[in-house]
Amino acid sequence: MTYSGQVTVGGAADVHELKDLMITKIAVGPMDNNAYLLRCRATDEQLLIDAANEADTLLGMIGDDGIASVVTTHRHGDHWQALEAVVAATRARTYAGRDDAEGIPVPTDVLVDDGDVIRVGQVELTARRLVGHTPGSIALVYDDPHGHPHVFTGDCLFPGGVGNTRKNPEAFASLIHDVETKIFDVLPDETWVYPGHGNDTTLGAERPQLPEWRARGW
């Protein structure tokens with residue numbers, strides 16, 4: 001089956017099969033959050049991005065192999081409602097951006113800074129700090145050696161715009177700057193974008209809209 005990235009709460013997960021990595025996307029909770037399970041195909045080690053909600057659903061997706069790690073993209077509550085239960089069940093290491101960890105009520109084992117590498121088996125993910133939606137939001141970039149990059153953006157980049165900065169001009173200026181310089185300026189149009197809510201997109205689909213986003217201020 002071809003991966004579409006279109007998932008609904010209560011519906012089936014969708015699986016993006018890459019040569020070295022399997023990415024399973026599922027939607028959970030009342031705010032239609034996306035959670036992503038990454039599995040290294042060489043070692044079968046797994047990592048979860050955002051234990052957002054519905055712990056039983058996430059643990060069912062994880063399966064008996066468990067997870068080694070869980071990354072929380074930022075401190076907003078809709079992205080960690082199931083974190084305590086998932087960690088209790090799997091004993092996974094927890095990762096979060098250094099400047100958001102204090103807002104997450106589950107202890108963070110590893111504080112993540114811009115440029116840090118997080119590994120799942122033999123696969124490397126590079127963290128990029130994107131400031132504006134929250135002070136310590138992180139995106140994770142997988143630069144697939146066999147194809148185009150993939151980036152998990154949390155609530156910092158969606159189809160049609162950057163994340164909500166609550167009409168704060170300084171926060172918007174910071175976020176659009178970081179998204180442009182750390183994502184758009186260094187990654188190609190083919191880069192696949194996996195956001196924290198809703199459908200996926202590509203940088204190529206969004207790049208022409210950057211001037212419009214700057215002009216409107218959100």
Side-chain angles (χ1 to χ4, degrees), residues 5-7 16 23 25 27 29 31-36 38 49-50 52 71-80 95-104 108 111-118 124-144 147-218:
Q6 297 178 353
V7 293
H16 204 169
I23 302 166
K25 177 181 181 179
M31 296 187 70
D32 194 16
N33 285 76
N34 295 325
Y36 299 94
L38 279 54
I49 299 175
D50 283 346
V71 179
T72 303
T73 57
H74 63 289
R75 67 187 184 188
H76 287 160
D78 58 309
H79 290 259
W80 48 253
Y95 292 75
R98 182 177 299 276
D99 296 293
D100 268 19
E102 66 178 4
I104 300 169
T108 299
L111 298 174
V112 180
D113 294 309
D114 188 57
D116 283 356
V117 173
I118 299 172
E124 294 187 348
L125 309 168
T126 301
R128 301 316 312 256
R129 182 187 179 208
L130 306 174
V131 180
H133 183 67
T134 66
S137 289
I138 54 172
L140 299 177
V141 179
Y142 170 51
D143 192 359
D144 186 354
H148 55 74
H150 300 256
V151 57
F152 302 87
T153 56
D155 283 2
C156 288
L157 177 63
F158 297 97
V162 296
N164 188 351
T165 51
R166 294 164 187 79
K167 299 182 180 180
N168 181 323
E170 291 183 358
F172 172 76
S174 174
L175 183 56
I176 193 74
H177 172 270
D178 283 0
V179 166
E180 285 186 325
T181 59
K182 296 181 181 181
I183 303 296
F184 281 96
D185 287 356
V186 296
L187 297 173
D189 284 351
E190 295 78 15
T191 301
W192 198 277
V193 177
Y194 305 82
H197 304 262
N199 292 336
D200 300 353
T201 186
T202 65
L203 292 188
E206 306 305 319
R207 194 183 303 275
Q209 303 176 66
L210 285 169
E212 177 187 344
W213 300 353
R214 276 196 170 275
R216 75 189 185 192
W218 57 273

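This structure is a prediction, so every number in the text was calculated from the model and none was measured.
Considering only heavy atoms from C-beta on, R214 stays 4.5 Å or farther from Q209 through its side chain. Using a 4.5 Å heavy-atom threshold, the side chains of L125 and V71 count as separate. Inter-residue side-chain proximity for L38 and Y142 is flagged as unmet; no heavy-atom pair is nearer than 4.5 Å.
Every residue two or more places apart in sequence or in another chain that forms a salt bridge (Lys or Arg N to Asp or Glu O under 4.0 Å) with E124 is listed here: R119. Evaluation of the ring pair (Phe, Tyr, Trp, His ring centres under 6.0 Å) rule for Y95 yields no partner, not counting sequence neighbours. Taking T202 as the reference, nothing meets the side chain to side chain donor-acceptor pair (under 3.5 Å) condition, with sequence neighbours excluded. Shown here are the ring pair (Phe, Tyr, Trp, His ring centres under 6.0 Å) partners of H16, two or more places apart in sequence or in another chain: Y3, H150, W192. For D78, there are no salt bridge (Lys or Arg N to Asp or Glu O under 4.0 Å) partners at least two apart in sequence or on another chain. Residues that satisfy the side chain to side chain donor-acceptor pair (under 3.5 Å) test with N199, not counting sequence neighbours, are absent from this structure. Not counting sequence neighbours, the partners of R75 by the side-chain contact (heavy atoms from CB on, under 4.5 Å) test are D100, I104, T134, P135. Residues that satisfy the side chain to side chain donor-acceptor pair (under 3.5 Å) test with D189, not counting sequence neighbours, are R207. Applying the salt bridge (Lys or Arg N to Asp or Glu O under 4.0 Å) test to D116 and every residue at least two apart in sequence or in another chain returns nothing. T201 is linked by a side-chain contact (heavy atoms from CB on, under 4.5 Å) to P159, V193, A205, E206, counting only residues two or more places apart in sequence or in another chain. For D50, the side chain to side chain donor-acceptor pair (under 3.5 Å) partners two or more places apart in sequence, or in a different chain, are T73, H79.
Here NZ of K182 is found 12.5 Å from CG of L187. Values are rounded to the nearest 0.5 Å. Summarising the geometry, atom CG belonging to L203 is positioned 9.0 Å from atom CD belonging to E190; distances are rounded to the nearest 0.5 Å. Between the CG atom in D113 and the CZ atom in R128 there is a gap of 11.5 Å [rounded to 0.5 Å]. The structure places CG of N33 at 7.0 Å from CG of D155, a figure rounded to the nearest 0.5 Å. Remark: H197 NE2 to N34 CG distance equals 7.5 Å, nearest 0.5 Å. In this structure, T153 OG1 and I138 CD1 are separated by 12.0 Å, a value rounded to the nearest 0.5 Å.
Considering all non-hydrogen atoms of both residues, L111 and A101 come closest at CD2-CB, 3.5 Å. Nearest heavy-atom pair across G132 and S174 is N-OG, 4.3 Å. The two residues H133 and G163 come nearest to each other via the heavy atoms ND1-C, 4.1 Å. Across every non-hydrogen atom of G103 and W80, the tightest pair is O-NE1, 4.0 Å. Looking at every heavy atom in both residues, A139 comes nearest to L130 through CB-CD1, 3.7 Å.
Of the candidates D178, D114, D99, R129 forms a salt bridge (Lys or Arg N to Asp or Glu O under 4.0 Å) with just one, namely D99.
Residue W213 places its CH2 atom among more than 12 non-hydrogen atoms of other residues, nucleotides or ligands, all under 6.0 Å distant.
Counting only residues at least two apart or on different chains, no salt bridge (Lys or Arg N to Asp or Glu O under 4.0 Å) pair has a member in residues 132-143.
No donor-acceptor pair closer than 3.5 Å links the side chain of Y36 to the backbone N or O of G196. When atom types are taken as modelled, the side chain of H148 and the backbone of T191 share no donor-acceptor pair closer than 3.5 angstrom.
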